[in-house]
2 protein chains.
Amino acid sequence: MKVDGKHYRSIWFDHDSNVVKIIDQRWLPHRFTIVELNTRKSFCHAIRDMWVRGAPLIGATAAYGVAAEMQNDAGDQALDDVCRDLQQTRPTAVNLAWALNHMRDLLKPLPDHQRAGAAMKRANEICDEDVECNRQIGLNGLQIIRQIAAGKSRNEPVNILTHCNAGWLATVDWGTATSPIYHATEAGIPVHVWVDETRPRNQGAQLTAWEMDSHGISHQLIVDNAGGHLMQHGQVDMVIVGTDRTSSNGDVCNKIGTYLKALAAKDNDIPFYVALPSPTIDWQVKDGIAGIPIEERDGKEVTSIWGKLEDGSLANVQICPDGTPAGNPAFDVTPSRLVTGLITERGISPASTEGLAAMFPEFSSP
Amino acid sequence: MKVDGKHYRSIWFDHDSNVVKIIDQRWLPHRFTIVELNTRKSFCHAIRDMWVRGAPLIGATAAYGVAAEMQNDAGDQALDDVCRDLQQTRPTAVNLAWALNHMRDLLKPLPDHQRAGAAMKRANEICDEDVECNRQIGLNGLQIIRQIAAGKSRNEPVNILTHCNAGWLATVDWGTATSPIYHATEAGIPVHVWVDETRPRNQGAQLTAWEMDSHGISHQLIVDNAGGHLMQHGQVDMVIVGTDRTSSNGDVCNKIGTYLKALAAKDNDIPFYVALPSPTIDWQVKDGIAGIPIEERDGKEVTSIWGKLEDGSLANVQICPDGTPAGNPAFDVTPSRLVTGLITERGISPASTEGLAAMFPEFSSP
């Protein structure tokens with residue numbers, strides 16, 4: 001989407017310089033930095049040290065990493081080595097493993113001299129497929145926003161609350177939860193976005209607020225505590241969030257705090273939607289609350305916060321007494337009964353076993 | 001309560017030095033500083049610049065401020081002046097106005113030479129009355145904790161979640177929501193406290209975590225997003241929060257985010273209690289959600305966070321893009337239907353018009 005009026009993807013192959021470029025997200029929102037990736041080492045670094053983050057973007061970066069290696073050395077050994085090295089950067093990332101297996105399966109049967117071209121072509125396609133999936137999610141979500149707008153007086157914005165960053169920075173473009181918002185903006189429907197800061201890592205304050213600001217969309221940053229009050233007082237028309245993993249019965253695992261917003265939406269009769277690219281559905285898990293393990297992360301993410309000092313330098317501040325023990329569950333699971341609908345690339349599905357099975361019959365097992 | 005093994009109140013008259021002392025709360029949890037107040041100016045400063053905060057403590061400080069002035073000049077003019085100056089420090093604080101009116105009504109009829117003694121005696125009494133009120137709340141809340149503990153195996157702690165700081169630092173001693181916790185600890189019942197950090201001002205991380213640490217009570221700091229997940233997974237036995245104002249029908253106005261925790265408690269069948277000193281009941285307001293105005297505070301509290309840098313100095317960091325607009329409602333109202341009970345100094349009342357009227361018949365109007 002747009003930054004200072006110019007369109008960007010989060011990763012792209014630059015034909016002029018024949019190199020892959022990314023936005024180094026570590027410094028957002030305070031510094032907008034574009035970095036070239038060309039060596040195996042630089043791709044590994046970019047994934048491991050979270051210059052890029054978000055499942056689809058990690059997958060795309062890995063695919064380009066394989067392609068870049070093939071330009072240097074297209075032999076079997078190099079292919080195995082680059083896949084192994086990239087896999088080790090974030091071993092639990094599902095999209096990473098998928099992209100690497102996919103690239104290896106594609107390239108192994110080819111003669112060496114065809115590998116570089118085929119790899120780069122496929123990496124580009126993986127990016128385009130992600131963009132197209134998110135575009136479809138946006139068009140499907142747009143219908144919901146359009147309906148809400150129709151019930152409002154002209155120029156009165158549709159107020160949308162979102163949690164964390166399921167934006168274009170987490171994908172190649174459009175984002176998932178943000179795609180309907182961008183599409184509504186392009187369709188001329190006025191929207192106002194309540195951006196949950198999303199403690200502890202503040203992806204809302206750092207990334208979603210930056211996306212909204214960069215693309216020129218009306219928004220306000222709020223603390224994670226505020227959404228319930230806003231809903232109680234008619235200041236939220238709908239909620240759209242992303243998901244890291246959704247079970248086959250429609251329970252939604254997403255950034256910690258999502259469940260609280262879903263409860264408030266239910267209590268105030270406000271529609272609560274989840275933007276869901278179908279690869280995020282875990283068809284093996286039938287009950288998300290019992291079946292999705294929740295990562296417990298380092299307590300330092302809770303006890304200190306990163307930001308910009310008055311002099312422009314970046315620093316961490318500790319917000320509690322020395323040695324305070326912290327709990328840091330990174331995700332929670334919102335039960336399907338609280339979810340109004342799942343906005344997929346194929347359409348809007350009820351959050352239920354039956355709904356998902358009907359929309360994705362090829363994946364669901366009886 | 002205790003700091004490094006020694007018992008403190010948040011304000012006290014030091015008989016040795018014949019002066020009022022407070023804990024300067026601006027630097028907690030990073031620095032523990034005791035300050036003497038003796039001039040009218042110093043008392044005004046302490047209230048206005050939030051060296052002290054919390055309704056009961058502000059009232060007590062004002063009463064001592066009048067008493068200190070009477071030691072210097074006990075004339076009518078001085079009495080009027082000190083009351084006016086103190087009133088202007090935080091004009092909307094109900095306890096401040098109450099304490100000043102109360103002191104003036106007491107002192108005006110007395111001859112000048114009796115005023116200093118009478119004022120100091122009454123200021124001490126106001127403190128003792130606050131302590132006694134909170135002690136009763138603690139004893140009443142202790143019964144609930146005792147019951148929960150009885151259903152657990154020996155040495156398994158009662159897990160209590162609290163939001164914001166309704167601790168002894170906001171009162172003269174014991175606190176309100178924390179008083180049952182301190183009483184349980186003194187009674188030998190093991191407790192574990194989940195401390196919500198309470199964005200945007202982080203009173204949980206800064207003050208409640210410091211109180212728990214200083215008194216030696218097992219606790220963990222969590223982000224405000226985490227409580228729902230913990231409740232869903234059986235890690236919370238009860239919630240106790242304080243309140244800034246409760247309507248006569250039992251709707252509870254408290255720090256922003258309280259409503260979300262009440263929703264999660266209800267959804268998981270976890271008791272949700274509010275510690276409520278009776279002066280906090282607003283008998284005039286019959287519907288808290290419609291009738292209690294919510295203060296909208298400066299967006300800077302949302303866009304930046306205060307804490308300690310690595311070198312030990314204190315600083316603000318900005319957590320979002322330059323110029324990000326923020327919404328900052330400071331409180332929310334939890335509907336009475338979500339409240340299991342109100343722990344008052346007289347006993348535990350249902351959160352309802354009938355319940356409160358039965359417990360406080362002298363205040364309720366038919």
Side-chain angles (χ1 to χ4, degrees), chain A residues 29-30 194 197-200 202 205-206 209-210 213-214 219-230 232-233 255-261 263-264 266-267 289 294 299 302-310 314-329 331-333, chain B residues 29-30 194 197-200 202 205-206 209-210 213-214 219-230 232-233 255-261 263-264 266-267 289 294 299 302-310 314-329 331-333:
Chain A
H30 307 299
W194 294 108
E197 67 172 331
T198 320
R199 284 278 291 144
N202 280 344
Q206 289 175 13
W210 182 84
D213 180 48
S214 300
H219 65 287
Q220 266 169 287
L221 181 65
I222 51 173
V223 295
D224 302 306
N225 282 324
H229 170 75
L230 296 175
Q232 213 180 33
H233 290 268
K255 190 56 43 69
I256 190 81
T258 303
Y259 168 47
L260 293 171
K261 294 307 149 59
L263 284 167
K266 189 76 168 183
D267 201 46
I289 296 168
I294 300 298
V302 175
T303 58
S304 69
I305 291 176
W306 178 88
K308 187 171 79 166
L309 291 167
E310 259 188 20
L314 304 177
N316 261 296
V317 290
Q318 176 190 317
I319 59 164
C320 57
D322 292 343
T324 295
N328 189 15
F331 304 93
D332 62 21
V333 177
Chain B
H30 307 296
W194 295 108
E197 66 171 330
T198 319
R199 283 277 293 146
N202 280 345
Q206 290 176 12
W210 182 83
D213 179 48
S214 300
H219 66 289
Q220 266 168 287
L221 181 65
I222 50 173
V223 295
D224 302 306
N225 283 324
H229 170 75
L230 296 175
Q232 212 179 34
H233 290 268
K255 189 57 41 72
I256 191 80
T258 302
Y259 168 46
L260 293 171
K261 295 305 149 60
L263 284 167
K266 188 75 168 185
D267 200 46
I289 295 167
I294 300 298
V302 175
T303 57
S304 69
I305 292 176
W306 178 86
K308 186 171 79 165
L309 291 167
E310 257 186 22
L314 303 177
N316 260 296
V317 290
Q318 176 190 314
I319 60 164
C320 57
D322 292 343
T324 295
N328 189 14
F331 304 95
D332 62 22
V333 177

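None of the values given here were measured: they were computed from a predicted structure. Worth knowing before you read on, the calculation uses all heavy atoms, side chains too, and leaves out hydrogens, waters and symmetry mates. In what follows, chains carry the letters A, B, and so on, assigned in the order in which the sequence lines appear, proteins first and then strands, with residues in each chain numbered from 1.
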Trainee: With chain B, which of A:Thr198, A:Ile305, A:Thr303 has the greatest number of heavy-atom pairs at distances under 4.5 Å?
Mentor: A:Ile305

Trainee: Main chain of B:Cys320, side chain of B:Thr324: is a donor-acceptor contact present, judged purely on distance under 3.5 Å?
Mentor: no

Trainee: If you count heavy-atom pairs under 4.5 Å with chain A, which of B:Gln206, B:His30, B:His233 comes out on top?
Mentor: B:His30

Trainee: For the pair B:Ile319 and A:Glu197, evaluate side chain to side chain contact (heavy atoms under 4.5 Å, CB included) and give the outcome as yes or no after the intermediate values.
Mentor: CA-CA 9 Å; B:Ile319 60 164; A:Glu197 67 172 331; 3.3 Å; yes

Trainee: Side chain, backbone, both or neither: which part of B:Asn316 has a non-hydrogen atom closer than 4.5 Å to chain A?
Mentor: backbone

Trainee: With heavy-atom distances below 4.5 Å as the criterion, would you say the side chains of B:Ile222 and B:Trp194 are in contact?
Mentor: yes

Trainee: Residues in side-chain contact (heavy atoms from CB on, under 4.5 Å) with B:Gln232, at least two apart?
Mentor: A:Tyr259, A:Ile289, A:Pro335, B:His229, B:Asn268

Trainee: Heavy atoms only, distances under 4.5 angstrom: which of A:Thr258, A:Leu230, A:Leu314, A:Asp224 has the most pairs with chain B? Name it, please.
Mentor: A:Asp224

Trainee: Flag the one option from A:Gly323, A:Pro321, A:Ala209, A:Pro200 with the top tally of heavy-atom pairs under 4.5 Å to chain B.
Mentor: A:Pro321

Trainee: Let's test your reading of the structure: which of A:Asp213, A:Asp332, A:Ile294, A:Val317 forms the most heavy-atom pairs below 4.5 Å with chain B?
Mentor: A:Val317

Trainee: Quick check against the 3.5 Å criterion: does A:Arg199 have a side-chain atom that pairs as donor or acceptor with the backbone of A:Val302?
Mentor: yes

Trainee: If you tally heavy-atom pairs under 4.5 Å against chain B, which of A:Asp267, A:Asn328, A:Val333, A:Asn202 wins?
Mentor: A:Asp267

Trainee: Got a sec, which residues hit ring pair (Phe, Tyr, Trp, His ring centres under 6.0 Å) with A:His219, two or more places apart in sequence or on another chain?
Mentor: none

